[in-house]
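Have a look at the structure below before the remarks.
Numbers restart at 1 for each chain; the letters A, B, ... are given by sequence-line order, proteins then strands. Remember, predicted model here, so these are calculated numbers, not experimental data.
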Number of protein chains: 2
Amino acid sequence: MKENKGIDSFQYMKDYELERIFPVEFRKKMRVYSFHKGDLLFTTGQMLNELYFLVEGKIKIYTLTPEGKSLINRFKRPLGVIGDVEYVKGSPVINSVEAVSDGVMLAATFTDLKVLEANHPPFTRFLLETVAHKFYTESQATSLHMLYPVEVRLASYLLSISSDGEGTLFHQEMRTENLTELAEWVGTSYRHLNRVLKRMNAGDIIERLNGSIKIKDLEKLRHLANGNIYE
Amino acid sequence: MKENKGIDSFQYMKDYELERIFPVEFRKKMRVYSFHKGDLLFTTGQMLNELYFLVEGKIKIYTLTPEGKSLINRFKRPLGVIGDVEYVKGSPVINSVEAVSDGVMLAATFTDLKVLEANHPPFTRFLLETVAHKFYTESQATSLHMLYPVEVRLASYLLSISSDGEGTLFHQEMRTENLTELAEWVGTSYRHLNRVLKRMNAGDIIERLNGSIKIKDLEKLRHLANGNIYE
DNA sequence: AGAGGGAAAGGACATATGTCCTTTCCGGAA
DNA sequence: TTCCGGAAAGGACATATGTCCTTTCCCTCT
């Protein structure tokens with residue numbers, strides 16, 4: 001990730017309604033960074049001195065254990081805030097962050113932000129809402145993970161990414177970029193994920209074609225997920 | 001839980017440094033409730049209209065599944081804040097709350113708080129710090145739960161409650177109020193907890209006497225916990 | 001078309017954890 | 001002291017999940 005002065009940060013701030021929380025003078029102090037797919041953006045334990053706003057692209061937040069196991073905590077798309085908890089607590093980075101696609105982030109230093117907070121309450125309020133939402137999501141996820149088997153979590157996941165707006169609800173097709181990643185997301189091993197997928201396949205709940213997963217029976221899936229849904 | 005006008009809320013506010021976040025005029029609007037051991041204080045799904053401050057006693061926050069399984073998310077002692085996320089998000093209560101002992105809570109209505117926020121930034125800041133810390137803790141717990149077996153979580157728990165301040169570190173004795181509760185806390189079944197305890201016992205890591213657990217080998221325990229520790 | 005590499009699928013076996021019961025133990029009520 | 005009930009301990013068996021490998025499949029490059 002590196003600074004990119006050629007990008008118009010003001011447009012992004014307008015698009016994502018950051019103007020309300022950042023006064024004009026403040027906006028000028030912010031920096032713009034761009035990154036590429038696969039970049040390791042932040043690492044557990046590292047100290048931050050800037051708060052970041054994801055305004056373009058997709059990133060994933062994950063935990064690495066000393067033994068090398070990895071668990072994806074969540075994905076983020078614009079508008080995502082990175083480093084909020086670290087800013088408030090003054091603690092080192094909790095989870096590692098990796099770019100899933102190319103993207104852009106805006107940044108403001110902690111020092112500037114502290115000054116801003118002193119004169120501009122809306123920013124603190126914004127942070128509060130952000131963190132509250134993160135907590136809420138995390139809390140739901142914890143319960144889901146602790147109380148139900150992989151099958152249920154997988155069903156929830158499939159439901160949450162199947163855009164169920166229209167009537168063309170059925171036979172949704174969603175190519176999983178990568179089964180390994182999916183496994184890390186639901187918090188299980190690749191092997192086991194495969195096993196559960198096979199079971200769902202046998203139960204005519206989904207259909208697997210060339211590595212893609214097609215939902216065949218939304219009702220059964222809902223029944224499996226048992227009311228649980230991500231986010 | 002019921003209102004108790006006989007209790008001096010001002011003393012509590014002084015003790016827990018709430019005076020900084022609540023101006024004098026505001027303090028008068030706050031109510032005091034007392035509750036008894038075993039009281040069900042809040043239930044999942046319920047709507048709140050007050051924010052609570054635990055100033056006396058101990059409570060537990062837990063999740064109940066439709067199937068009746070239960071998972072303890074955390075315990076709280078003074079000063080604990082209850083309803084912060086619900087206040088910010090305007091959402092129904094996430095987890096149920098039960099009194100573990102008799103206790104006292106102060107309360108302020110959401111309506112009053114919104115007015116307060118508009119004129120008194122320190123309160124918003126306080127909430128932000130509270131929620132950030134909750135998120136941090138929750139996040140650690142999630143990783144621990146997802147990535148390690150019960151044995152590790154149990155070791156972490158035992159370490160976290162063994163006050164390791166003095167030199168009398170060894171042979172700490174801590175009577176688990178209740179093994180069932182401990183099981184819900186580490187997120188496993190009573191049976192399995194028992195099994196793991198037995199294994200630790202056989203490994204001379206702990207010693208079980210009349211339902212109490214005595215730590216025999218702190219080093220082994222640390223090794224098991226593998227650097228993970230609650231809170 | 002042929003070769004090679006990485007992801008997908010799955011077999012075999014071990015471990016972790018859950019469920020259902022039965023047996024012990026211990027402290028309080030009679 | 002005796003009896004009883006709830007909590008502690010643990011046996012037996014089923015299920016969930018992990019680990020280590022091997023086999024298939026595609027896709028791409030040559």
Side-chain angles (χ1 to χ4, degrees), chain A residues 37-38 65-72 100 144-157 173-203 206-214 224-226 228, chain B residues 37-38 65 67-72 100 143-158 173-203 205-214 224-226 228:
Chain A
K37 175 173 180 169
T65 71
E67 300 83 27
K69 279 192 282 190
S70 119
L71 167 68
I72 298 179
V100 173
L144 186 57
H145 282 149
M146 297 285 300
L147 295 166
Y148 298 98
V150 169
E151 191 165 38
V152 176
R153 310 208 291 273
L154 180 58
S156 302
Y157 166 75
E173 191 166 7
M174 55 194 108
R175 176 167 289 275
T176 37
E177 344 64 26
N178 187 303
L179 277 191
T180 306
E181 200 170 71
L182 179 51
E184 287 171 4
W185 171 248
V186 296
T188 190
S189 64
Y190 183 99
R191 180 64 189 91
H192 190 57
L193 170 63
N194 221 325
R195 195 151 30 205
V196 175
L197 281 172
K198 182 175 187 178
R199 209 185 307 152
M200 286 186 169
N201 197 347
I206 61 169
E207 196 175 344
R208 306 171 84 181
L209 297 169
N210 300 352
S212 81
I213 300 170
K214 197 184 270 190
L224 258 187
N226 193 237
N228 298 98
Chain B
K37 175 172 180 169
T65 72
E67 300 82 28
K69 278 192 284 190
S70 121
L71 167 69
I72 298 180
V100 173
S143 302
L144 185 57
H145 282 148
M146 296 284 301
L147 295 165
Y148 298 98
V150 169
E151 190 164 40
V152 176
R153 310 207 291 273
L154 180 58
S156 302
Y157 166 76
L158 290 176
E173 190 166 10
M174 54 195 108
R175 176 167 288 274
T176 36
E177 344 65 26
N178 186 304
L179 277 192
T180 305
E181 200 171 72
L182 179 50
E184 287 170 4
W185 171 248
V186 296
T188 189
S189 63
Y190 182 98
R191 179 65 189 90
H192 190 57
L193 170 64
N194 220 325
R195 192 149 34 203
V196 175
L197 281 173
K198 181 177 187 176
R199 209 186 305 153
M200 286 184 167
N201 197 346
I205 299 172
I206 60 169
E207 195 176 346
R208 306 172 83 180
L209 297 170
N210 300 352
S212 81
I213 299 171
K214 197 184 270 190
L224 258 188
N226 193 237
N228 298 98

* Identify, between B/Tyr190 and A/Lys198, the residue whose nearest nucleotide on DNA chain C lies closer to the 5' end. => A/Lys198
* Rounded to the Å, how far apart are B/Leu179 CG and D/dG6 C1'? -> 13 Å
* To do: Take the protein atom CG of B/Asn201 and the nucleotide atom P of D/dA9, then report the distance between them rounded to whole Å.
  => 9 Å
* Structure fact -> Contacts of B/Arg191 meeting salt bridge (Lys or Arg N to Asp or Glu O under 4.0 Å) (sequence neighbours excluded), chain-then-number -> none
* Output, in order, the C-alpha distance, side-chain angles, deciding distance and verdict of side-chain contact (heavy atoms from CB on, under 4.5 Å) for A/Met200 and A/Glu151. => CA-CA 8 Å; A/Met200 286 186 169; A/Glu151 191 165 38; 4.1 Å; yes
* To do: Indicate yes or no: at least one non-hydrogen side-chain atom of B/His192 is less than 4.5 angstrom from one of B/Arg195.
  => yes
* To do: Mind checking A/Thr188 for me? I need base, sugar-phosphate or nothing, with any heavy atom below 4.0 Å counting as a touch.
  => sugar-phosphate
* Structure fact -> To the nearest angstrom, the CD-P distance between B/Glu207 and D/dA9 comes to 12 Å
* B/Pro149 side-chain proximity, nearest of D/dA9, C/dA16, D/dG18 -> C/dA16
* Closest nucleotide among D/dA12, C/dA8, D/dA16 to the A/His192 side chain -> D/dA16
* How long is the line joining OH of B/Tyr148 and P of C/dT15, in whole Å? -> 20 Å
* **Any A/Arg208 side-chain nitrogen or oxygen under 4.0 Å from OP1 or OP2 of C/dG10** => yes
* To do: Please work out if A/Val196 contacts a base, only the sugar-phosphate, or nothing of the nucleic acid, heavy-atom cut-off 4.0 Å.
  => nothing
* Structure fact -> Taken to the nearest whole Å, CZ/A/Arg199 to P/C/dG10 is 13 Å
* For B/Arg195, report the nucleic acid contact type (base, sugar-phosphate, nothing); a contact means any heavy atom under 4.0 Å. => base
* Structure fact -> On a heavy-atom basis, the closest approach of A/Ala155 and A/Leu224 is CB-CB, 3.9 Å
* Structure fact -> Per atom distances to the B/Arg191 side chain, the nearest of D/dT19, D/dA12, D/dA8 is D/dA12
* To do: Quickly work out the A/Asn178 CG to C/dA9 P distance and round it to whole Å.
  => 12 Å
* Asked: Taking atom P of D/dA16 as reference, at what distance in whole Å does atom CG of A/Leu147 sit?
  -> 16 Å
* To do: Mind calculating the distance between NE2 (B/His145) and P (D/dA16) to the nearest angstrom?
  => 21 Å
* Asked: Which nucleotide sits closest to the side chain of B/Arg153: D/dT19, C/dA9, C/dT17?
  -> C/dT17
* Asked: What distance do B/Leu197 atom CG and B/Leu182 atom CG have between them, rounded to the nearest 0.5 Å?
  -> 7.0 Å
